[in-house]
Each structure stands twice: as C-alpha cells, then as structure tokens.
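Notes follow the structure.
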Amino acid sequence: MHALVVHGGAGIASGAAKAQQRACALALECGWKILAGGGSALDSVVAAVELMEDEPTLNAGYGSCLTEDGTVELDAAVMDGCERRAGAVALVRRLRHPVRAARLLLEEGRHVFLAGEAVETFAAARGMPLVDSATLVTPARRDAWAARQRAADASVGEAASIDATLSEAADERDPGEDGAGTVGAVAFDVGCHVAAATSTGGISGKRAGRIGDSPIIGAGTLADDRAGAVSATGDGEAIIRATVASVALEILRSGVGPERAAEVALAELTRVGGTGGLIVVDRFGRVAAAHTTPRMTWASRCA
Ligand code: ASP
C-alpha cells in the first residue's frame, strides 16, 4: 500500500487555478511513479515538490512572490518520518529548487536549518547550480509588485485608496498577489514510512528577512512514522503560532483519523486568527486535505 497527497497552496480564487491544478496533477503523477516502483516516501515528496517549484503560477521556486523590496526569498523543508530526519532552508535567493537543498541538508545530518547565503554556499558545494535571482521572477509577479508599489505611492495619506487600488491590481494579477500557491507533498511508502515536504516564496510584500511556517518543523512541515506526515499552507505567522503540523500529528498519534486531525489543527489555526489548509497522511496510509480558505489546490492517490 502507498499514498501520496500534494497541494498547490490555500488562498482565494485565482485566475491561475487551472494551471495550478494541472501542476498538482503532474506532481502527483511524478511522485506516484516513485512510490509505485517501490521508491521511498522521501524521494516521492521531493520529486513532487521539485516539479511544482518549476510551475510559474505556483508560489515556489520559479514564480515565487516578491518581498516589499522586489526580491525573492524562498523557504523549504523536508522531513523523513523514519528517524525524524529533517532539512530546512530559508531566505534562499539563488536556487531554483530550494527543496533539493533541504534534502541535501537532511542527508548530511549535521544541521537541520540553514538560512541565507549559507544555503547557497552549501548547495553549490554539492553540485546545485546557482542561478541569477532575477530568473526566478515571472513577468506576472513583477507586474503585481509594480502595481503594489504604485498603489502604495499613490496612497500616501489616503489609506482608503490603497485598498481600492490593491484590489484592482488583484483582479489583474495572475496568480494571487497574496502569495497563495505554496506547494507541498506528503507520502506513505511500501515500507510504511512517511515523509513531508513544503516549498514557498512566502507572502507577497513581506519584509525582507521574514521566514514563514513552511521551513519550520512542527509548524508547516512534519513527519513521524509513529503518527503520519503534514504539509501546511496559509497565514505563516498564524501557522507558526498554532504549531499546526504538530497539533495534527499529536491527534494522529492518539489513534484518531487524518480528517479529524486536520479539523482540529485548523480549529487551532482559526483560534489564533489565521486561515489556511493542510494535507495529511497517517501511519496507515490514510489521507486527508482540508482548508478554511475559499480554496486549496490539491490532489491525492492511494493504492
Ligand atoms: N505559509 C506560507 C508562508 O506564510 C504562505 C502560503 O502558504 O500561502 O510563508
């Protein structure tokens, strides 16, 4: 038996929904091939997430949303439920596949979390190509950022008009300026091991240096063979404060199913004032996906 769930982020309705759904379907297929061939949950989630990092309408790798300075700063994490090995990276500017760097960190086993240039130095020393940060920015993201800047400039002293201009920009944007489109995957393999991976550009207009929930073990990403695996998406600050993934795994460990675990974790997120979603697989290969946002892109398969 094996199972795989992938997500392409929680958020509001977006003109990019179809492309995002297609990317999820392709990622599912890619990760599924690995599981079906007897491969590991860890290999499967990394492959699925890497594929989504290449999709321009998703907020990870190429196509990530921009900071208030107009730069990209990417976060990612991966965790193996077997022995709870983990790798996490943050504030990455020159890697197209931050999840691969997180995987390398996991494999090395020396540190769990690296941020900034140190990630790039670490990854480059292990053969990952460093790219010009500008090549990670899509024209849609650049336009959305410029619209945001214009709105902010035009509205000095006129708070109401900021909102109006931003929502106009939101109609034009594709994908969502809110940063929705974070990607993640959770899997259960033939050896009964689970794994989780998450990758994101964070939230649009974030302060440079801000790190969200995705690379934080226990918040946006978590896996433990004794319980299951989780990848979350949504309001990063609230997900961190609610320790969403941790709450879900605690419920799973108590023997309750993944749907209920997702529900309890989201209730906790709501309690701290956040919205979002999560995907879950438990230690028996049962899966769930749930969200409090108007929509979340996801796909799953079990056999
Ligand atoms: N949770 C991500 C972050 O806050 C964003 C998202 O999932 O939409 O960085």
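Note that ligands are numbered from 1 as they come in the structure, with each ligand's atoms numbered from 1 the same way. We count residues from 1, following the sequence as given. For the numbers below, each heavy atom of this structure counts, side chains included, while hydrogens, waters and symmetry mates do not.
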Notebook entry, point to check: Does D75, backbone or side chain, put an N or O under 3.5 Å from an N or O of ligand 1?
Noted result: no
Check: Does the side chain of H193 pick up a donor-acceptor pair with the side chain of S40 at under 3.5 Å?
Finding: no
Note to self: Less than 4.0 Å is my threshold; does some heavy atom of G234 fall inside it relative to ligand 1?
What the structure shows: yes
Notebook entry, point to check: Can you tell which of E237, M296, R210 gets a heavy atom nearest to atom 4 (O) of ligand 1?
Noted result: R210
Note to self: Quick check on side chain to side chain contact (heavy atoms under 4.5 Å, CB included): which of L252, V186, V230 does D282 satisfy it with?
What the structure shows: L252
Next item on the list: Look at the side chain of D213 and the backbone N and O of I239, then say whether any donor-acceptor pair between them is shorter than 3.5 Å.
Entry: no
Next item on the list: Go through the side-chain N and O atoms of T182 and T200 and say whether any donor and acceptor fall under 3.5 Å apart.
Entry: yes
Check: Going by the atom numbers of ligand 1, which of them fall below 4.0 Å from some non-hydrogen atom of G202?
Finding: 5 (C), 9 (O)
Note to self: I want to know if ligand 1 touches D235 in the polar sense, i.e. an N/O pair below 3.5 angstrom.
What the structure shows: no
Note to self: Could you tell me, atom by atom, which parts of ligand 1 come under 4.0 Å of a heavy atom of T233?
What the structure shows: 6 (C), 7 (O), 8 (O)
Item checked: Modelled atom types, side-chain donor and acceptor of E53 and S199, under 3.5 Å -> yes
